[in-house]
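Below is one structure, written out as structure tokens; comments come after it.
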Amino acid sequence: MLPRYEPRGVEERWQETWEAEGLYNADPDPSRTPYVDAHPPPNVTGELHTGHALQLAIGDTVIRMKRMQGFNTLFQPGYDHAGISTQNVVENVLLAEGTSRQELGREAFEERVWAWLHEYGGKILVQFRRMGASLDYRRTRFTMDDEYVRAVMHFFVHLYRRGWIYRANRIINWCPHHETSLSDLELEHHDVDDTLSTIRYPLADGDGYIAIATVRPATIPADVAVAVHPDDDRYTHLIGREVIVPWVERRVPVIADERVEREFGTGALKITPGHDPTDFAIGRDHGLPEPSCIGPDGRVTAEGLEGLTQKEAEERILDWVKERGQLEGRKHYRHSVAVCERCKTRIEPRISLQWWCAMDEIKQPALQALRERKIVFHPESQHRFAIDSLENAPDWNISRQIWWGHQIPVWTCPDGHLTVEEETPPACAECGSTELTRETDVLDTWFSSALWPFATLGWPEETDDLAYFYPGHLQTTAREIIRLWENRMIFSGLELLGEIPFSDIVIHTTVLARDGRRMSKSLKTGIDPLELIEQYGTDATRYGLMKNSLTQDVRFSDSALEEGSKLSNKLWNAARLIVTACGGAAPAERPSSLEERWILARLSQVQREVERLLGEFDFAHTMDELYHLTFDDFCDWYLEAIKVRLYDGDAGARATATAALERLLKLLHPVMPHVTEEIWSYLPGRRTRLIVAPWPEAGDESEAGALERVQDLAQMFRRSGIVPALEGEERRIFNAVVKPERAKVTGNADAERERLRNEIARAEAMLANDRYVQNAPAEVVAAEREKLERYLRELDAIGD
RNA sequence: GGGCGGUUAGCUCAGCUGGGAGAGCACCUGCCUUACACGCAGGGGGUCGCAGGUUCGAGCCCUGCACCGCCCACCA
């Protein structure tokens, strides 16, 4: 064993061994209790980032503890086809080749995607292995697997037959680059510098004008009205009259609607139902037409402006308006604008025929389960948010006009009858026509994600896996995914299987870049976990990531990983001492001395604490406990105290030391699996791998404080140089650890006496305060008295 | 514009139901003590964002303010 622990090589070796020996495998076994974490499937085109790494560390730590505790653990791996995202990647490849998906056609394009995926996709699972994640890789699922596709089709047909899926023409978010609809949740909002133009619309009867403010003059050709607030005195006399829309010179009415903000702009709003969500809502309520002047590609279609970009059309229209003296002014205006989260193209609100899933009924059981806390969020504060967002969830736009994904299983005959089946039907269900054409839209990626916890287990087939492993337990995810995914898994699970898919949701925090900004590829602020692993090792990276973050988003800091690195090295060297000194001493807890009873009690105490903390998914404090147990208690006190006895060949000390080390390794294994397994392999009499070794029984902890007095006096000795009056075992331990004959004292006795006298004076003053003694709880006062007595005794021990 | 979280040592963060301000890193001092110098021992350093209030006692509770971050949101 080398003096310095070197994770490189060791970690890969154990990762391969564990997997090869089948120790990650989970199979139904009625004699054991399952524990399941269906790990969030990353995008098939993705690469490991810090969020994944943290998520894996958290999930794997819990899974490893549960596995040692005897649960039949299933840590489910897989990846997601990520519709738009993947299509985007492959389209970029095509672009570089000078072609496009339109040129290839749909079938050839899909083949290209598959080909690309076979070559480059799914590599992220290789990176998952480097995090030491004990996923059952045999069970890797992909949301485009044949079985999974069948599950998605089944889900769609199920919802359709329930009457919850319908088709409707509504205004939706349209990405002109991908030429598809997007749900509200797939947008980002960016602040942009824009120009607000004030334009006069002349009254049709030639008597003055009404001025409106707009940031999008290019949509003027599709205006169908001008709206004002019903109580706006400036305009009430104009309601019901008509104005003339510039450029197209069409007469449209002035209407009244409360949704118009009187304070904004001129207080008059041009109504363009075809290109603005608010206008669309107002237009529907007033029964207005819904013309369009912008095509799916974002270019203008209005007469006289065909094929122009919106920018060009805007200039033409503004010139037109200016020539006629109708341009009242233009001013700088900064506001937030929706963009496609994938390509950052500005969203074009557009009326389009889409498939929807009605939410009213399907969400009710989920809301009830959440309100009854059958699912617990960690931290608790996210619980309210989950309920609120589900309560307010609008109908779900589930169709996308892209090519990569699950094609909607709806067929139409020439008469327009719809046939909805899981597999291609032979003929129209209504008229028997065999001339069927399939719906070209695909489903929203999250539609298939919603099935992850049970489609991975074979649903809709009634498999043994499903019966045994469903419902699961743990779910780890980021905050922004709650509405997109968590809520949808919950209502789908309840609807299809009648049970919640998991019991605990850990919302981990966002790790920010070193400078406090968000990690992002485009800003180049990202931190590559593989580089961290290269530098610190997997164990240290796991430790460092979990040490960070609890309630608030936290900046990435290397010092936490360095700490992890030190911990693994410290553990390694402690083991080296015990292994070399004890040789093949069989581990046995037979404490014959105070420090041995103490360390065993401390191990039990910390174990209970770790069990409690991990039960609450409090990872940062778990790291803290383990670090101090290892450094302060195990190494600096216990090992220092028994070192000499180990060298002297004391059989009891050797057996106990080996046993204590075993317990320490077990406590650390869930967090630092590799270094602990490596050390474990050096210990005598090994029967099983540590990964599947039984979690220890926490024992008696009554002597966990037994060394406190010696520790206090040792510190005092180092400050004052005065050897305290200690006897028996306490004297022996003091001499073994502190070595008075060799220790150089840095402080002095006078300073120590001074410190104690000050403490005594403070305590006496507190106890002399009547209001304190009368009002403070009795135990607080009693504790103060004890402290005073202790100070007096210590002062006595070093001589006044 | 809503909702949530934050503001504690030079840096990154802990401080559980109010009871003598903590950790790791960095810094200073002493030690190459035969497990580990990624070590051991000791130390310096903080009006706990600001202003009020409740209390015998406030980092923690209440009110107001100021910054910072995240999520959400149809003022064109």
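Lettering of chains follows the sequences in order, A, B, ..., and the numbering in each one begins at 1. Remember, it's a predicted structure, so these values are computed and weren't measured experimentally.
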Inset, instruction - Output yes when at least one side-chain N/O atom of A:K547 is less than 4.0 Å from OP1 or OP2 of B:G24, else no. - result: no
Inset, instruction - Provide the distance between the two P atoms, one in B:C62 and one in B:U7, to the nearest whole Å. - result: 15 Å
Legend entry - A:E563 bridged to A:K566 by N-O distance under 4.0 Å: no
Legend entry - Pairwise C1' distance for B:C60 and B:C72, with rounding to whole Å: 30 Å
Inset, instruction - Please measure how far the P atom in B:A21 lies from the corresponding atom in B:G46, and state the result in whole Å. - result: 14 Å
Legend entry - Nucleotide nearest A:R719 (side chain, heavy atoms from C-beta), chosen from B:C25, B:G15, B:G43: B:G43
Inset, instruction - Please figure out whether A:R790 or A:Q382 has its closest RNA chain B nucleotide nearer the 5' end. - result: A:Q382
Legend entry - Pairwise P distance, B:C40 and B:C36 [rounded to whole Å]: 12 Å
Inset, instruction - Calculate the interatomic distance between A:L767 atom CG and B:C56 atom P; express it in whole Å. - result: 18 Å
Legend entry - Atom P, compared across B:U34 and B:A41: separation rounded to whole Å: 16 Å
Inset, instruction - Between B:U12, B:A41, B:C36, spot the one nearest the side chain of A:S557, thanks. - result: B:U12
Inset, instruction - Sticking with atom P, work out how far B:G49 lies from B:C32, rounded to a whole angstrom. - result: 43 Å
Legend entry - A:E11/A:R542 salt bridge by N-O under 4.0 Å criterion: no
Legend entry - Distance, nearest 0.5 Å, that separates CE of A:M716 from CD of A:Q711: 13.5 Å
Inset, instruction - Please state how far atom CE in A:M546 lies from atom P in B:A23, giving the value in whole angstrom units. - result: 23 Å
Inset, instruction - Identify the nucleotide, in any strand shown, that forms a Watson-Crick or G-U wobble pair with B:U12, with both distances under 3.5 Å; if there is none, say none. - result: B:A23
Legend entry - Complement of B:A41, any strand, by Watson-Crick or G-U distances under 3.5 angstrom: B:U29
Legend entry - Pair A:Q310, A:R216: side-chain N/O donor-acceptor within cut-off below 3.5 Å: yes
Inset, instruction - Using a 4.5 Å cut-off on heavy atoms from C-beta on, say whether the side chain of A:K270 contacts that of A:T219. - result: yes
Inset, instruction - Remember a base hit wins even if backbone is also touched, and classify A:P349 as base, sugar-phosphate or nothing at under 4.0 Å, heavy atoms. - result: nothing
Legend entry - Sugar-phosphate, base or nothing in reach of A:Y536, heavy atoms under 4.0 Å: nothing
Inset, instruction - Could you tell me which nucleotide pairs with B:U34 by Watson-Crick or G-U wobble geometry, both distances under 3.5 Å, or answer none if nothing does? - result: none
Inset, instruction - Check A:Y638 against A:A653 and note the closest heavy-atom contact, atom names and distance. - result: OH-O, 4.5 Å
Inset, instruction - Do nucleotides 70-76 of chain B as a string where each nucleotide becomes B, S or -: B if the base has a protein heavy atom under 4.0 Å, S if just the sugar-phosphate does, - if no protein is that close. - result: SSSSBBB
Legend entry - Nucleotide B:G42, atom C1' - distance to NZ of A:K739 in whole Å: 16 Å
Inset, instruction - Determine the contact category for A:Q774: base if any of its heavy atoms lies under 4.0 Å from a base atom, sugar-phosphate if only primed atoms, P, OP1 or OP2 are that close, otherwise nothing. - result: nothing
Inset, instruction - Give a yes or no on whether the ring-centroid distance for A:F717 and A:F734 is below 6.0 angstrom. - result: yes
Legend entry - Nucleotide nearest A:D624 when distance is taken to its side chain, options B:G15, B:C56, B:A23: B:A23
Inset, instruction - Using both distances under 3.5 Å as the test, list the Watson-Crick or G-U wobble partner of B:G18, or none. - result: none
Inset, instruction - Check every strand shown and say whether A:D388 touches a base, only sugar-phosphate, or nothing at a heavy-atom separation below 4.0 Å. - result: nothing
Legend entry - Pairing partner (Watson-Crick or G-U wobble, both distances under 3.5 angstrom) of B:A66: B:U7
Inset, instruction - Would you kindly say whether A:D539 and A:S568 are connected by a side-chain donor-acceptor distance under 3.5 Å? - result: no
Inset, instruction - State whether A:R762 and A:E784 are salt-bridged, where the test is any N-O pair (Lys NZ or Arg NE/NH1/NH2 against Asp/Glu carboxylate O) under 4.0 Å. - result: yes
Legend entry - B:G2 pairs with, by Watson-Crick or G-U criteria that keep both distances under 3.5 Å: B:C71
Legend entry - Nucleotide of B:C40, B:G43, B:G19 approaching A:F631 most closely (side-chain heavy atoms): B:C40
Inset, instruction - Describe the nucleic acid contact of A:S381 in one word from base, sugar-phosphate, nothing, applying a heavy-atom distance below 4.0 Å. - result: nothing
